[in-house]
There are 2 protein chains.
Amino acid sequence: MTTRSTELLRVVHRSPGVTRADAARLLGVGTGAATELVTKLSRAELLIQGPAAPSGARGRPTTVLLPHPDGPLVLAVAITHETWRVEAVQLGGTCAAEVEGRHAGAAWPQVRSAVRGAIGELRRQYGPRLRATGVSVPGTVSRDLRLDAVGAGWHDVDLTTLCPDTDVFVAGNDATLAATAESRRGAATDASVALHLRIESGLGGAVVEDGRPVIGARGAAGEFGHMPFGDPAVRCPCGARGCWGIAVDGQALARLLDEPAPLDSFSYARRVLASAARSAEPELSAVRTVAATLGRGIAGLVNGLDADLVTLGGLGADLLAAVPAEIGAAYRDGLMSIHRESPPPIVPAALGDHGPIAGAAEEAWSALLPRLA
Amino acid sequence: MTTRSTELLRVVHRSPGVTRADAARLLGVGTGAATELVTKLSRAELLIQGPAAPSGARGRPTTVLLPHPDGPLVLAVAITHETWRVEAVQLGGTCAAEVEGRHAGAAWPQVRSAVRGAIGELRRQYGPRLRATGVSVPGTVSRDLRLDAVGAGWHDVDLTTLCPDTDVFVAGNDATLAATAESRRGAATDASVALHLRIESGLGGAVVEDGRPVIGARGAAGEFGHMPFGDPAVRCPCGARGCWGIAVDGQALARLLDEPAPLDSFSYARRVLASAARSAEPELSAVRTVAATLGRGIAGLVNGLDADLVTLGGLGADLLAAVPAEIGAAYRDGLMSIHRESPPPIVPAALGDHGPIAGAAEEAWSALLPRLA
DNA sequence: ACAATAAGCTCTGAGCAAGAGCAAAAGAAG
DNA sequence: CTTCTTTTGCTCTTGCTCAGAGCTTATTGT
């Protein structure tokens with residue numbers, strides 16, 4: 001209905017447990033309007049007022065605003081190359097229920113059935129409280145919600161068939177959604193422009209400006225793995241050459257170690273990192289080479305995009321933990337001098353593997369909020 | 001005051017001469033609300049209704065909405081390394097008056113005096129009708145409106161002293177503003193995500209998503225010239241290595257031709273292009289090499305940012321006119337396969353050298369509009 | 001001249017928002 | 001314990017905006 005109601009819900013969603021008085025100040029409304037808003041939203045079963053937190057200060061104690069226990073929920077779905085997971089998430093980001101399973105690289109119809117089964121289960125439990133759906137997938141999602149996931153062999157798949165019952169449906173790339181989540185509830189909440197990079201099978205990511213991810217024309221922004229920061233002689237399966245992504249993943253480590261290309265690139269890379277942690281050669285050298293390539297590329301992106309924080313997820317977080325000095329040195333060496341004084345920090349992602357599904361829930365809530373109030 | 005008034009002004013600004021009925025449809029309001037809005041904004045001397053355009057169709061003729069001839073104006077200021085220019089721009093983007101001059105690389109205080117003099121001149125002419133100021137400068141502008149222009153030797157300059165009299169003041173990098181202008185009134189009006197690149201002294205640019213430029217944390221986004229798409233052996237004055245920007249400008253041509261570094265890189269490059277146009281060697285080879293580097297880098301940016309249109313300004317437009325095939329071939333070769341089917345077009349910027357000041361006027365108007373209605 | 005069509009004008013009622021004034025609940029001071 | 005101060009919440013009034021219905025105006029087509 002009204003703008004103010006949506007804004008209030010957004011404030012409560014961002015920081016559940018905010019005091020009523022603080023929320024009014026954030027919205028810039030008087031106590032009168034706050035009363036009206038809170039009353040209306042309580043009657044609509046969207047909010048409840050909790051007991052006051054004893055502040056110790058003078059004055060009439062205020063109450064805290066919390067999501068209503070019987071309020072609306074969003075379905076958050078995360079599909080990876082191996083697994084799927086469905087959560088029912090309430091206002092404020094708390095997960096109320098979850099179902100998960102493995103599909104181990106099955107064809108899309110099988111995955112869809114499994115996910116729809118799980119959604120059906122949650123629907124029996126929660127019924128019409130489920131109001132929106134957000135889906136995270138490992139591939140590019142066009143603006144009309146069609147998925148292309150090259151690695152999984154899913155092509156031109158209509159994602160809306162996953163859940164035809166909610167009238168709000170959003171979907172996005174897993175790395176993009178993880179970036180959104182990091183900037184709203186993770187390590188990048190204070191950054192005005194955050195760059196999130198996630199190395200898993202390939203390198204993806206996103207720039208998030210003021211909580212809004214830069215999504216690209218076809219939803220394919222953030223494919224930083226296919227910027228030519230690498231060796232121009234190496235041809236990437238994507239069709240281009242010199243792609244950065246294939247110079248910093250498990251395949252790159254295998255090439256450097258003269259080993260055959262591993263099937264599961266991610267766990268192979270973790271094994272190499274474990275060897276390197278014991279200072280084993282030639283693993284340590286290979287890891288250092290990859291780390292330097294990673295740091296140099298991050299510097300290029302920071303130069304071009306002017307992020308003030310970089311978060312690393314997936315294998316990137318492992319690399320950062322293993323060889324921070326190598327990454328840092330190559331990073332600083334690649335920065336423009338205007339960024340050298342205070343280089344934007346590189347930190348591990350706070351949400352880890354939960355990032356993509358958390359981002360899906362965030363986007364679903366963002367789309368749902370204007371329709372509630 | 002109200003949201004709707006601002007929206008109507010924004011519609012008229014975007015397309016001056018829009019019919020009143022179309023504007024109402026765009027805003028999604030009925031004819032009643034339209035009457036009220038137009039009446040109010042006419043009384044406030046913001047709009048006038050012009051004579052109907054004879055449509056030929058049946059029905060009562062409508063009127064067109066035009067900026068009021070005595071309405072508010074914004075000051076648009078463009079400062080380059082050599083020149084300055086001040087325009088008074090009315091709603092809709094038409095320039096009402098202009099003053100310009102050369103400073104030929106003077107220190108900042110001299111440039112500031114010259115610009116302030118010109119602004120004073122316009123102020124005597126237009127008085128309080130000047131309501132906002134937008135400034136384009138060749139360097140990075142921090143969020144607190146301080147300028148660092150390495151090339152010109154202007155460091156940590158407070159731009160707000162240029163015009164302390166208007167209460168709306170915005171400033172930005174020239175390439176970023178040119179990108180904004182291209183996406184609002186230039187070659188990229190239909191693109192949802194446009195990438196604008198401008199080669200002048202160095203390579204700058206911006207991504208514009210739905211008319212909003214991605215500005216970066218410190219206002220330094222768009223320094224794509226300092227992404228490491230070039231030869232890692234070449235050290236850039238910026239401090240990093242392998243910078244793309246110094247591989248596609250006049251300096252790069254001079255290196256390839258074994259000539260000394262030119263003072264005015266831009267006009268030198270144009271001379272080389274003129275020779276190449278007569279198929280003179282070795283100029284043609286050098287131009288082709290630079291064009292290939294340009295095309296390959298553009299492909300990398302399109303991969304990573306998923307733009308659906310690329311506009312080239314400055315020397316980039318000249319290169320595109322001179323050797324489109326070389327740029328196109330390297331571009332397509334560097335694209336990911338998902339972009340190959342319909343590669344985002346590369347087109348010359350429509351606004352040319354007028355881009356930066358037009359962008360400054362756009363940003364000033366965008367900031368002013370919510371305060372008017 | 002009359003019908004058809006498109007657009008503008010006026011009036012009314014609903015809903016939202018801002019502000020003033022008052023009431024309530026706590027700590028601080030005597 | 002009483003009274004004052006501070007902060008917050010509640011209620012009521014007022015003004016504004018907006019949507020919709022019904023009517024008027026201006027043009028084209030027959």
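Within the 4.0 angstrom heavy-atom criterion, no nucleotide atom of any strand lies near B/G30.
Atom CZ of B/R14 has 12 or fewer neighbouring heavy atoms from other residues, nucleotides or ligands inside a 6.0 Å radius. Other residues, nucleotides and ligands place more than 12 heavy atoms under 6.0 Å from the CG atom of A/D144.
Of the listed nucleotides (D/dA19, C/dA26, C/dT5), D/dA19 has the atom at the smallest distance from the side chain of B/R4. With C/dG27, D/dT17, C/dG8 as the choices, the nucleotide that has an atom nearest any side-chain atom of B/A21 turns out to be C/dG8.
Spacing between atom CG of A/L26 and atom P of D/dT8 amounts to 13 Å, rounded to whole angstrom units. A/E36 places its CD atom 12 Å from the P atom of C/dG15, with the value rounded to the nearest Å. Rounded to whole angstrom, the span from the CZ atom of A/R58 across to the C1' atom of C/dG27 amounts to 6 Å. For B/L8 and D/dC18, the CG to C1' distance is 15 Å, given to the nearest whole Å. If you take NZ of B/K40 and C1' of C/dC9, they are 17 Å apart, rounded to a whole angstrom. Residue B/L27 contributes atom CG, which lies 14 Å from atom C1' of D/dT17 at whole-angstrom precision. Look at CD on B/Q49: it is 12 Å from C1' on C/dC9, rounded to the nearest Å. The distance between atom CZ of A/R20 and atom P of D/dT7, rounded to the nearest whole Å, is 17 Å.
Salt bridge present: A/R371 and A/D167 bring a charged side-chain N and a carboxylate O closer than 4.0 Å.
Residue order along DNA chain D, read from the 5' end via each residue's closest nucleotide, puts A/T62 first among B/R60 and A/T62.
Panel note: side chain B/D158, backbone B/R146; no donor-acceptor pair is recorded below 3.5 Å.
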